[in-house]
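This report refers to the structure that appears directly beneath it.
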Amino acid sequence: MATTRWHRVAKKSATFLGIGAAATVASGVAIGAWTQFERRWPTLREYSVAVDLPVGCDKLTILHVSDPHFFRGQGWLIDFMRDLATLDFDLIVSTGDNLGSKNGLPLAIEAYDPLLEYPGVFVLGSNDYYSPRYKPWSSYLHKKRSKAPSRTEPDLPWLDLVNRWTAAGWIDLSNQVEVFEIPTATGPQRIGSIGVDDPHIHRDHVPDTPDNWNDRDIVRIGVTHAPYQRILNEFVSLGTHAIFAGHTHGGQLCVPGYGALVTNCDLPREYASGMHTWGFGGLSASLHVSAGLGTSLFSPVRFACRPEASLVTLTQRR
């Protein structure tokens with residue numbers, strides 16, 4: 001009898017195990033389907049942050065675009081980016097990783113062309129130079145430091161993109177500094193912009209600033225693809241009002257209520273995306289880190305981290 005009862009319990013337990021396994025599989029399928037949906041569900045974030053703008057400058061609105069990683073099959077992303085050109089802003093900042101494959105250039109051109117009507121500055125990321133290679137997502141859970149690329153000859157058409165943008169008047173800030181003037185709703189505004197090539201692969205060099213960098217009528221911004229702390233500290237030391245960065249994808253796969261697990265650089269995970277204040281040496285600057293618009297060709301998923309572009313309005317501190 002004991003044996004008989006044991007068999008009955010075992011069969012009942014096996015039934016429960018079967019239900020549990022089915023539920024686990026169903027949950028996995030649902031999560032997988034959601035990650036595919038979410039990566040095609042871009043949104044526009046809007047931030048307003050008070051800073052010590054120059055006298056006479058009440059506000060400056062910047063459209064920040066980052067990390068589209070263009071490869072075939074992203075018509076939805078092209079449409080979203082082209083629609084951004086209908087927004088009201090003064091300057092566009094692009095922080096790199098525009099190309100996601102060797103066939104990504106035509107898509108990037110189509111997506112960005114309407115935005116070229118606006119004043120713009122940009123830097124590049126490693127994926128503008130080098131095509132992606134497969135690696136398991138779990139490798140991103142290890143602590144990341146910037147590193148020299150294993151490849152030294154770029155295999156993506158980054159220069160074609162740069163030439164197109166600079167011909168349209170956009171400023172390449174890769175290890176460069178520029179002071180220029182843009183039209184705004186309240187009149188002309190001088191912008192001091194400083195940028196670096198991608199720190200993640202050691203292409204960065206913070207340039208010397210010109211004599212007029214600290215003129216009192218200039219809004220100063222720093223631009224980098226990867227927000228490594230050494231670069232953020234340099235930009236803060238130079239008196240920037242705001243810093244713009246990408247690279248992190250906002251963590252890409254996040255835990256609801258907890259946030260990003262990784263940033264793929266030495267930036268603390270709580271800074272993985274959004275608007276923050278970064279302090280160094282007694283000074284500080286507003287920092288916007290974009291969660292980006294795309295993903296790698298080999299990890300086309302997002303969870304609790306929608307693709308995004310952002311409108312950041314700098315307002316006069318009262």
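Counting all heavy atoms, side chain and backbone alike, A85 lies closest to Y118 at O-OH, 2.9 Å. Closest heavy-atom contact between D155 and Y130: OD1-CA, 3.3 Å. When all heavy atoms of N175 and D197 are compared, the closest pair comes out as OD1-N, 3.0 Å. Closest non-hydrogen pair, W278 versus V236, comes out as O-CG2, 3.6 Å. Closest non-hydrogen pair, L44 versus F80, comes out as N-CZ, 4.3 Å. R220 and L238 get closest at one heavy-atom pair: NE-O, 4.0 Å.
Side chain of E181 to backbone of P188: no donor-acceptor contact under 3.5 angstrom is found. In this structure, Q252 contributes its side chain and C305 its backbone to no donor-acceptor pair below 3.5 Å. Judged purely by atom type and a 3.5 angstrom limit, E117 has no side-chain atom pairing as donor or acceptor with the backbone of P114. Here the side chain of S296 pairs a donor or acceptor atom with the backbone of F298 at under 3.5 angstrom. Although no hydrogens or angles enter the test, the distance criterion places a donor-acceptor pair under 3.5 Å between the side chain of D198 and the main chain of H200. A donor-acceptor pair is defined here as one N or O able to donate and one able to accept, closer than 3.5 Å; such a pair exists between the side chain of S193 and the backbone of E178. Judged by distance alone, with hydrogens and angles left aside, the side-chain atoms of E110 form no donor-acceptor pair with the main-chain N or O of L105 at under 3.5 Å. Listed for the R302 side chain is no donor-acceptor partner under 3.5 Å among the backbone atoms of R40. Remark: the backbone N or O of V177 is not paired with any side-chain donor or acceptor of W213 at under 3.5 angstrom. For the pair R230 (side chain) and P199 (backbone), a donor-acceptor distance under 3.5 Å is present.
Note: R203 CZ to L124 CG = 8.0 Å, rounded to the nearest 0.5 Å. Note that CG of D67 is 4.0 Å distant from NE2 of H249, once rounded to the nearest 0.5 Å. Here Y271 contributes atom OH and T263 contributes atom OG1; the two are 12.0 Å apart, rounded to the nearest 0.5 Å. Atom OG of residue S284 and atom CG of residue D52 lie 8.5 Å apart, to the nearest 0.5 angstrom. Taking CG of L232 as the reference point, atom OG of S237 lies at 10.5 Å (rounded to 0.5 Å). Here the CD atom belonging to Q189 is positioned 10.0 Å from the CG atom belonging to D58, to the nearest 0.5 angstrom.
No side-chain N or O of D90 forms a donor-acceptor pair with one of T184 less than 3.5 Å apart.
With H247 as reference, N264 is the one residue of L267, V289, N264 to meet the side chain to side chain contact (heavy atoms under 4.5 Å, CB included) rule. When each of T95, D128, D97 is tested with H225 by the rule side-chain hydrogen bond (donor to acceptor under 3.5 Å, both in side chains), just one qualifies, namely D97.
A 4.5 Å side-chain heavy-atom check between I182 and L60 finds at least one atom pair inside the cut-off. Using a 4.5 Å heavy-atom threshold, the side chains of T61 and L87 count as separate. Two residues are said to be in side-chain contact when any heavy atoms from C-beta on lie closer than 4.5 Å; W170 and I92 meet this criterion. Residues L261 and V255 have side chains in contact (heavy-atom distance under 4.5 Å, counting atoms from C-beta outward).
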* Would you sort out whether V49 and T277 count as a side-chain contact (heavy atoms from CB on, under 4.5 Å), showing the intermediate values? => CA-CA 10 Å; V49 56; T277 298; over 6 Å; no

* To do: Walk me through it: do N98 and F122 pass the test side-chain contact (heavy atoms from CB on, under 4.5 Å)?
  => CA-CA 11 Å; N98 304 287; F122 67 93; over 6 Å; no

* Walk me through it: do W34 and W41 pass the test side-chain contact (heavy atoms from CB on, under 4.5 Å)? => CA-CA 10 Å; W34 177 261; W41 190 28; 3.8 Å; yes

* **Evaluation steps, side-chain contact (heavy atoms from CB on, under 4.5 Å), between D215 and V179** => CA-CA 10 Å; D215 285 0; V179 175; over 6 Å; no

* To do: Apply side-chain hydrogen bond (donor to acceptor under 3.5 Å, both in side chains) to Y112 and S94, showing your working.
  => CA-CA 10 Å; Y112 272 101; S94 173; 3.1 Å; yes

Validation: residues 158-169 side-chain donor-acceptor distances under 3.5 Å, sequence neighbours left out:
{"unit_1": "N163", "atom_1": "ND2", "unit_2": "L159", "atom_2": "O", "d": "3.3"}
{"unit_1": "R164", "atom_1": "NE", "unit_2": "D113", "atom_2": "OD1", "d": "3.2"}
{"unit_1": "R164", "atom_1": "NH2", "unit_2": "D113", "atom_2": "OD2", "d": "2.9"}
{"unit_1": "T166", "atom_1": "OG1", "unit_2": "V162", "atom_2": "O", "d": "2.9"}
{"unit_1": "T166", "atom_1": "OG1", "unit_2": "N163", "atom_2": "O", "d": "3.3"}

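Within 6.0 Å of atom CZ in R216, 12 or fewer heavy atoms from other residues, nucleotides or ligands are found, so the atom counts as exposed in its surroundings. Counting non-hydrogen atoms of neighbouring residues, nucleotides and ligands closer than 6.0 angstrom, the CG atom of D211 reaches no more than 12 such neighbours.
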